[in-house]
Amino acid sequence: MSNDSLDWQGRWHALARGWQHRAEQAGLGDISSAVMEALQPLAPLAAQLLWVAQPTFGLIGRGAAIGALAEMLEHPGDGSAGPDGARPNEKRDGER
């Protein structure tokens, strides 16, 4: 996974946390959690649609952003990345 993808994933996570925080402030935390849980089975389908659309977004310079979002949707709950962005089973630069 490239550094650009990890950067965009961080941005997507921050955006989602912001939306969650605003929903909780508005008293909609329980409703938004229920909606997210209900829509979670559709995440792989949304990821595949984003992979198909990624080349088009690449034409306007947002291919990496859409690819990172698709990766996150394809592997939900894979928030196991460490502080350097590497996952436990992924080799870091310089490792064999």
Side-chain angles (χ1 to χ4, degrees):
M1 187 176 304
S2 72
N3 287 336
D4 195 31
S5 177
L6 291 173
D7 180 47
W8 274 107
Q9 284 186 8
R11 292 180 187 186
W12 287 118
H13 280 294
L15 183 63
R17 282 191 303 271
W19 287 346
Q20 182 181 12
H21 180 68
R22 280 181 281 209
E24 288 171 359
Q25 283 183 330
L28 300 172
D30 292 336
I31 293 172
S32 66
S33 293
V35 168
M36 291 303 295
E37 188 173 329
L39 293 177
Q40 190 171 5
L42 297 176
L45 176 62
Q48 292 303 310
L49 292 172
L50 288 171
W51 284 124
V52 170
Q54 184 189 19
T56 303
F57 281 96
L59 294 173
I60 59 171
R62 294 293 183 226
I66 297 302
L69 181 57
E71 180 77 26
M72 288 172 46
L73 290 172
E74 201 166 47
H75 303 288
D78 189 15
S80 58
D84 61 347
R87 290 176 172 64
N89 296 333
E90 187 177 82
K91 294 183 183 202
R92 292 168 182 81
D93 292 337
E95 288 185 356
R96 294 180 189 200

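- A 4.5 Å side-chain heavy-atom check between Met36 and Gln20 finds every atom pair outside the cut-off.
- Alongside Leu73, the hydrophobic cluster contains Trp8, Trp12, Leu15, Trp19, Leu50, Phe57, Ile60, Ile66, Leu69, Met72 (criterion: ILVMFWY side chains under 4.5 Å).
- When the shell of 6.0 Å around CD of Gln40 is examined, it contains 12 or fewer heavy atoms from other residues, nucleotides or ligands.
- Smallest separation of non-hydrogen atoms from Ala47 and Ala70: CB-O, 3.4 Å.
- Taken to the nearest 0.5 Å, the CD atom of Gln9 stands 9.5 Å off from the NE2 atom of His75.
- Crowding of Arg11 atom CZ: a count of heavy atoms from other residues, nucleotides or ligands under 6.0 Å exceeding 12.
- In the model, His21 has a side-chain atom that pairs as donor or acceptor with a side-chain atom of Gln25 under 3.5 Å.
- A distance of 10.0 Å separates CD of Glu71 from CD of Gln54, quoted to the nearest 0.5 Å.
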